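Structure first, commentary second.
Please read these numbers as outputs of a predicted model, since none were measured by experiment.
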Amino acid sequence: MENKEFDFNGTVVNGIGMLLLNLLLLLGSIGLIILACISESIALSTFLGITGVVLFVLSIILACGFLMVEPGEARVLMFFGKYRGTFTKAGFHWVNPFITQKKLSLRARNLDAEPIKVNDKTGNPVMIGMVLVWKLKDTYKAVFEIDSQTMAQAAGQVGVSASAAQIMNAFERFVRIQADAALRQVAGQYAYDGDSDAKKQELTLRDGSDEINKELEARIDERLAMAGIEVVEARINYLAYAPEIAAVMLRRQQATAIISAREKIVEGAVSMVKMALDKLSQDDIVELDEEKKAAMVSNLLVVLCGDDTAQPVINTGTLNH
């Protein structure tokens with residue numbers, strides 16, 4: 001896409017020097033008007049009066065050309081509706097007084113979006129929120145590609161023109177709406193959490209934070225590019241099931257955790273039983289038939305997998321009984 005933004009290349013004069021010159025013109029015009037009032041010659045009085053008025057009007061016109069830019073700010077300059085460039089050099093300057101100025105902030109701004117309810121890939125309602133850091137990058141697009149002026153006027157209900165603060169607030173509302181749409185789009189592509197072993201490799205909202213944050217940032221950046229806005233960072237900062245299903249999903253997660261823990265316990269118990277039988281057989285400690293092996297396996301599994309402490313039973317007989 002063609003970049004239509006460029007730096008202002010018109011005449012720029014030091015603002016302090018022009019301020020002093022303008023003060024001299026103003027004082028001189030006032031002095032001439034006073035002399036015209038006290039002069040006894042009609043011709044001289046008329047000449048001094050006209051000259052004083054002209055200088056006074058000229059000083060007022062010149063006063064409209066002062067331009068003060070702080071670091072992190074920009075001025076979009078237009079001459080009778082034509083874009084003349086963007087001025088970003090910090091300091092106090094003077095330009096053509098007939099040039100219209102629009103003040104914009106290039107500083108980074110933070111947006112902490114409230115959690116919204118969306119449906120994930122499996123249809124479960126979840127609450128998801130994000131934090132977004134953004135800033136203006138292309139002032140031409142920001143001023144001329146979207147109607148920020150009208151948005152600011154409608155929100156502030158002011159006169160013909162909107163202030164810089166109102167225009168930046170209009171950009172913030174634009175960013176909020178587009179970021180909300182992008183968040184809903186990304187959240188709908190993934191499940192909140194995996195349901196089974198077959199889906200453990202699938203990316204989820206809870207486990208794939210880095211990848212999903214990158215995709216969210218890319219989606220928002222695509223939407224905001226038309227307004228000349230750059231996304232510095234976007235990440236999900238809140239994720240939970242919606243209140244209406246939170247209790248049910250909590251029980252499901254607890255059941256899944258219990259089943260997973262039991263699987264580990266049984267796997268370890270079977271390994272220990274096998275190791276015990278192999279050790280007894282290798283060291284020739286005792287000879288067990290299949291029936292006694294089955295009883296021993298059963299007892300060991302009960303001891304190893306049970307939640308309660310095992311109660312030992314001392315066998316005072318012999319293995320033959």
- prompt: Is the shortest heavy-atom distance from the side chain of N213 to the side chain of E217 under 4.5 Å?
  reply: no
field: Pairing of R184 and D180 as salt bridge, 4.0 angstrom limit
entry: yes
query: Just by distance, with hydrogens left out, do R223 and Q185 show a side-chain donor and acceptor under 3.5 Å apart?
result: yes
task: Quick one: do Q189 and E215 satisfy side-chain contact (heavy atoms from CB on, under 4.5 Å)? Show the steps, please.
output: CA-CA 11 Å; Q189 296 177 352; E215 182 175 354; 2.8 Å; yes
V69 reachable from M78 in the ILVMFWY side-chain graph, under 4.5 Å edges: no
message: Membership question, hydrophobic clusters at under 4.5 Å side-chain separation (ILVMFWY): are V53 and L23 in the same one?
response: no
- prompt: Distance from I30 atom CD1 to L55 atom CG, nearest 0.5 Å?
  reply: 11.0 Å
message: I'd like to know if I38 and L27 are part of one continuous hydrophobic network [Ile/Leu/Val/Met/Phe/Trp/Tyr, side-chain heavy atoms within less than 4.5 Å].
response: no
task: Check salt bridge (charged side-chain N to carboxylate O under 4.0 Å, His left out) between E5 and all other residues, then give those that pass, not counting sequence neighbours.
output: none
Anything under 3.5 Å between a donor and an acceptor, one on a side chain of residues 81-88, the other on a protein residue two or more places apart or in another chain? List them.
from, atom 1, to, atom 2, distance (Å)
Y83, OH, F6, N, 3.4
Y83, OH, F6, O, 3.3
Y83, OH, T86, N, 3.4
Y83, OH, T86, OG1, 2.7
T86, OG1, T139, OG1, 2.7

- request: For the pair R75 and E73, find out whether any cationic side-chain nitrogen is under 4.0 Å from an anionic carboxylate oxygen.
  value: yes
message: Could you check whether R107 pairs with E70 (Lys NZ or Arg NE/NH1/NH2 to Asp/Glu carboxylate O, under 4.0 Å)?
response: yes
statement: Closest non-hydrogen atoms of A227 and F174, given as atom of the first, atom of the second and distance, are CB-CE2, 3.7 Å
Beyond-backbone contact of K117 with M127, side-chain heavy atoms, under 4.5 angstrom: yes
- prompt: Under a 4.5 Å cut-off applied to non-hydrogen side-chain atoms, are D112 and N237 in contact?
  reply: yes
message: Do L216 and I236 have side chains that approach each other closer than 4.5 Å (heavy atoms only, starting at C-beta)?
response: yes
Flag side-chain contact, heavy atom, 4.5 Å: N14 against F92: no
message: Please determine whether residues V231 and L104 belong to a single hydrophobic cluster, defined as Ile, Leu, Val, Met, Phe, Trp and Tyr linked transitively by side-chain heavy-atom distances below 4.5 Å.
response: yes
For I128 against A187, the heavy-atom pair lying closest together: CD1-CB, 4.1 Å
- prompt: Is there a side-chain contact (heavy atoms from CB on, under 4.5 Å) between F66 and N22 once you walk through the steps?
  reply: CA-CA 11 Å; F66 290 107; N22 196 40; 4.1 Å; yes
query: Nearest 0.5 Å, what's the CG-CD distance between L136 and E230?
result: 10.0 Å
field: Non-hydrogen atoms of V76 and V143 that approach each other most closely
entry: CG2-CG2, 3.8 Å
message: Between W94 (side chain only) and L62 (backbone N and O only), is there a donor and an acceptor less than 3.5 Å apart?
response: yes
query: Is a side-chain N or O of D120 found less than 3.5 angstrom from the main chain of Y192, in a donor-acceptor match?
result: yes
- prompt: Minimum heavy-atom separation for L111 to E172, with atom names?
  reply: CD1-OE2, 4.4 Å
task: Any chance you could lay out the side-chain contact (heavy atoms from CB on, under 4.5 Å) test for N96 and T11, step after step, and finish with the verdict?
output: CA-CA 7 Å; N96 188 336; T11 302; over 6 Å; no
Least distance between heavy atoms, N119 atom then P125 atom: OD1-CA, 3.6 Å
- request: Step through the shown structure and confirm whether more than 12 heavy atoms of other residues, nucleotides or ligands are within 6.0 Å of CZ on F56.
  value: no
- prompt: Once you round to the nearest 0.5 Å, how far does CG of L106 lie from NZ of K137?
  reply: 12.5 Å
query: Do L24 and L26 share a hydrophobic cluster (ILVMFWY, side-chain heavy atoms under 4.5 Å, transitive)?
result: no
message: Rounded to the nearest 0.5 Å, what separates atom CG in L21 from atom CD1 in I16?
response: 13.0 Å
statement: For I50, the other hydrophobic cluster members (4.5 Å side-chain criterion, sorted by chain and number) are V54
message: Please give me the minimum heavy-atom distance between M130 and A179, naming the atom from each residue.
response: CE-CB, 2.9 Å
- request: Decide side-chain contact (heavy atoms from CB on, under 4.5 Å) for W134 and I220; before the verdict, give the C-alpha distance in whole Å, the side-chain angles of both, and the deciding distance to 0.1 Å.
  value: CA-CA 10 Å; W134 62 276; I220 298 175; over 6 Å; no
- prompt: Can you tell me if CZ on F79 sees more than 12 non-hydrogen neighbours from other groups inside 6.0 Å?
  reply: yes
query: Within the side chain of T51, is there an N or O that forms a donor-acceptor pair under 3.5 Å with the backbone of L48?
result: no
query: CD1 of I229 to CD of Q178: how many Å apart, nearest 0.5 Å?
result: 9.0 Å
message: Could you tell me if the side chain of V118 sits less than 4.5 Å from the side chain of L183, heavy atoms only?
response: no
Heavy-atom side-chain proximity of H93 to M18 below 4.5 angstrom: no
- line: Value for OH (Y190) from CD1 (I212), rounded to nearest 0.5 Å, stands at 5.5 Å
